[in-house]
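Worksheet: the structure to be examined is printed underneath.
As the structure lists them, so they are numbered: ligands from 1, and atoms in each ligand from 1. The model shown is predicted, which means the values in this text are computed figures rather than measured ones.
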Amino acid sequence: MTDPDRTDRAADRPSSDLMKRETAVEKARQKTAALALEFGKAWEYAPAPETPDHVKLEERYQLFIGGKWMPPKSGKYFDTVSPSTEQTLAQVAEGNAEDVDRAVKAARHAYDKYWGKMRGAERAKYVFRIARALQEKARELAIVETMDGGKPIKESRDVDIPLASAHFFYNAGWADKLDYAFHGRKVRPLGVAGQVIPWNFPLLMAAWKIAPAIACGNTVVLKPAETTPLTALLLAQIIEEAELPPGVVNIVTGAGETGAALVGHPDVNKVAFTGSTDVGKKIQRAIAGSGKRLTLELGGKAANIVFADAPLDQAVEGIVGGIYFNQGHVCCAGSRLLVEESVHDIVVRKLKDRMATLRLGDPLDKNTDVGAINSRAQLERIKELVLSGEREGAERFSAPCELPSKGFWFPPTFFTNASQSCRIAREEIFGPVLTIMTFRTPDEAIEKANNTMYGLSAGIWTDKGSKIFHVATRLQAGVIWANTYNKFDPSSPFGGYKESGFGREGGRQGLAAYLEVQ
Ligand code: NAD
């Protein structure tokens with residue numbers, strides 16, 4: 001194996017001949033790309049919109065409690081709006097503390113009377129049924145996810161929905177094998193789980209929460225995010241059709257107050273929260289001393305580290321996928337790019353070329369790479385942080401794309417010449433904005449990557465396996481990808497360090513979060 005320290009040596013850096021050749025190739029590529037854009041609009045595709053005609057949304061959605069659809073006690077409803085058109089898609093019930101109480105009572109009843117005592121093999125049948133129904137309704141779910149959240153249909157179709165179904169399949173498989181999951185130790189469910197999720201992966205986050213919880217014998221009250229409640233409500237319809245016993249899964253829609261009522265309910269045994277670090281801290285304070293079990297999946301400011309010996313085109317594709325394909329609405333988005341100084345200019349040029357080919361627009365179009373920003377509030381936050389980057393002296397580049405006149409949009413953007421103290425290098429932007437910084441040695445890359453309050457994920461790009469191990473073992477991040485980025489599997493645990501939270505979702509570790517392991 002290569003000695004990792006060798007990476008500092010000049011021998012490992014590209015020779016000046018190689019650099020010159022790369023530069024010449026890049027110049028030729030740029031010229032060709034510019035000509036293609038000018039004469040043929042070579043990168044444009046004919047529109048290929050997915051039709052939402054067969055999707056039937058209800059005008060109003062109620063709360064799903066104890067297996068029944070119930071109006072909220074407050075009588076209030078809120079609009080859920082498509083971020084790409086600003087049209088109201090449906091009205092959704094605003095659950096209050098009384099509704100949360102009804103839901104927790106239904107969940108407790110279901111746990112005590114049947115679900116907590118049911119044999120694992122029996123529970124598995126229901127969980128498998130939900131997994132299959134998600135596959136059968138995948139197209140409809142993908143369309144609704146895209147309409148409600150603004151993400152490109154190719155993301156919801158190829159990532160969100162298949163992974164949501166995979167999580168139900170994976171956990172269903174464990175339901176009758178829990179006694180073997182922890183090497184001779186006895187396990188039992190915790191009771192009622194109160195679960196609160198964010199807007200960036202609405203159905204997938206619901207699956208990450210509900211599937212392991214019910215497979216392990218717990219019952220659930222889930223609160224989806226207020227800007228993207230629709231697919232969780234469609235999931236409730238699927239759960240109803242799967243004839244899951246009443247009260248095993250309850251869905252209460254609403255905003256922060258509803259979430260606070262749920263996590264603070266005295267009869268909830270386990271709280272599972274995914275969302276911002278600020279709200280995660282509030283929840284931790286609110287339930288301190290209550291004896292409730294807690295897992296927190298919070299924000300991130302991941303570093304993608306690109307060494308000079310990396311396959312640079314592959315790395316650029318990973319960088320683009322890691323920050324632009326989902327509008328940067330990903331907790332593990334690679335929003336800091338640390339690039340070895342000797343290849344900085346090449347990487348920046350390649351990135352600009354690739355960004356010129358990104359298609360931003362109608363998220364329902366199958367060719368769209370970059371969709372809409374989830375809400376006006378999120379767009380304002382992105383704009384404010386980008387302005388702070390400009391004010392702090394970093395250099396901004398935005399992809400040359402036209403923004404639609406209606407809806408919430410932000411062009412793929414990066415900053416160079418940014419210092420580590422800039423807000424854009426420290427704060428989670430949760431938008432398609434990348435901050436590029438350089439390093440000279442692996443140690444400097446590690447130090448810069450770890451210089452954040454977060455510790456969710458990171459990426460390493462190099463052709464040397466020894467360097468991957470050397471760097472990965474020193475990075476403070478729960479998930480580290482090597483020569484790829486943003487890849488998920490239900491059998492791999494996911495979760496953070498430091499202010500990115502604690503606890504793991506996925507894999508056996510994800511089961512442990514819903515079990516008393518004796
Ligand atoms: P958010 O914290 O504003 O809201 C998340 C959820 O919490 C929503 O359902 C919201 O209604 C609810 N909520 C708000 N205040 C609450 C309170 N006091 N008590 C209980 N619930 C409350 O986050 P967001 O803007 O919806 O999502 C973006 C954040 O989520 C980002 O920081 C992102 O990094 C994080 N995230 C993390 C992961 C992960 O796995 N680590 C995954 C996805 C998103």
Side-chain angles (χ1 to χ4, degrees), residues 78 80 83 92 94-97 100 148-149 151 159-160 163 167 194-209 221-229 232 251-265 268 271-287 292 294-302 323 326-335 373-382 385 427-431 452-457 477-479 486 488 492-506 510 513:
F78 59 93
T80 185
V92 177
E94 192 179 311
N96 64 14
V100 166
D148 205 19
K151 65 171 62 186
V159 181
D160 295 52
L163 267 179
H167 271 269
Q195 307 179 320
V196 179
I197 55 172
W199 46 259
N200 59 338
F201 288 92
L203 185 69
L204 184 57
M205 289 298 118
W208 278 25
K209 297 272 178 288
V221 180
L222 175 106
K223 193 205 80 69
E226 52 273 37
T227 57
T228 53
I251 311 276
V252 179
T253 42
E257 276 182 27
T258 318
L262 175 56
V263 300
H265 194 289
V268 162
V271 171
F273 173 78
T274 299
S276 60
T277 294
D278 280 353
V279 173
K281 284 181 182 176
K282 271 189 206 162
I283 291 175
Q284 198 172 11
R285 279 195 291 269
I287 68 169
K292 290 174 191 170
L294 175 66
T295 39
L296 293 176
E297 299 282 354
L298 310 176
K301 190 77 189 170
I323 186 73
N326 221 336
Q327 303 80 246
H329 292 347
V330 189
C331 51
C332 47
S335 57
I373 301 301
N374 182 260
S375 63
R376 190 183 296 283
Q378 185 58 24
L379 178 60
E380 292 310 321
R381 180 173 157 72
I382 295 169
L385 272 162
E427 294 181 27
E428 185 181 42
I429 301 181
F430 229 55
T452 166
M453 67 183 205
Y454 296 111
L456 191 57
S457 56
V479 183
N486 261 355
F488 295 92
S492 298
F494 183 90
Y497 271 77
K498 302 197 282 191
E499 297 205 10
S500 291
F502 48 80
R504 294 291 178 263
E505 291 189 309

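Of all non-hydrogen atoms in Ile373 and Leu379, the two that sit nearest each other are CG2-N, 3.6 Å.
Note: Phe430 and His329 have parallel aromatic rings, judged against thresholds of 30 and 60 degrees for the angle between ring planes.
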Are there any protein N or O atoms under 3.5 Å from the N or O atoms of ligand 1? List them with distances, or say none.
residue	atom	partner	partner atom	Å
ligand 1	2 (O)	Ser276	N	2.8
ligand 1	2 (O)	Ser276	OG	2.6
ligand 1	9 (O)	Ile197	O	2.8
ligand 1	9 (O)	Lys223	NZ	3.1
ligand 1	11 (O)	Lys223	NZ	3.0
ligand 1	11 (O)	Glu226	OE1	2.7
ligand 1	19 (N)	Ala260	N	3.4
ligand 1	23 (O)	Ser276	N	3.4
ligand 1	25 (O)	Trp199	NE1	2.9
ligand 1	26 (O)	Trp199	NE1	3.2
ligand 1	30 (O)	Gly275	O	3.3
ligand 1	32 (O)	Glu428	OE1	2.6
ligand 1	34 (O)	Glu428	OE2	2.5
ligand 1	41 (N)	Leu298	N	3.3
ligand 1	41 (N)	Leu298	O	2.8

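Looking only at atom types and distance, the side chain of Thr80 has a donor-acceptor partner in the side chain of Asp148 under 3.5 Å away. Side-chain atoms of Lys209 and Thr274 include a donor-acceptor pair closer than 3.5 Å.
Because its NZ or CZ atom is both nearer than 6.0 Å to the ring centre of Phe201 and within 45° of the ring axis, Lys151 counts as a cation-pi partner of that residue.
No more than 12 heavy-atom neighbours from other residues, nucleotides or ligands sit within 6.0 angstrom of OH on Tyr497.
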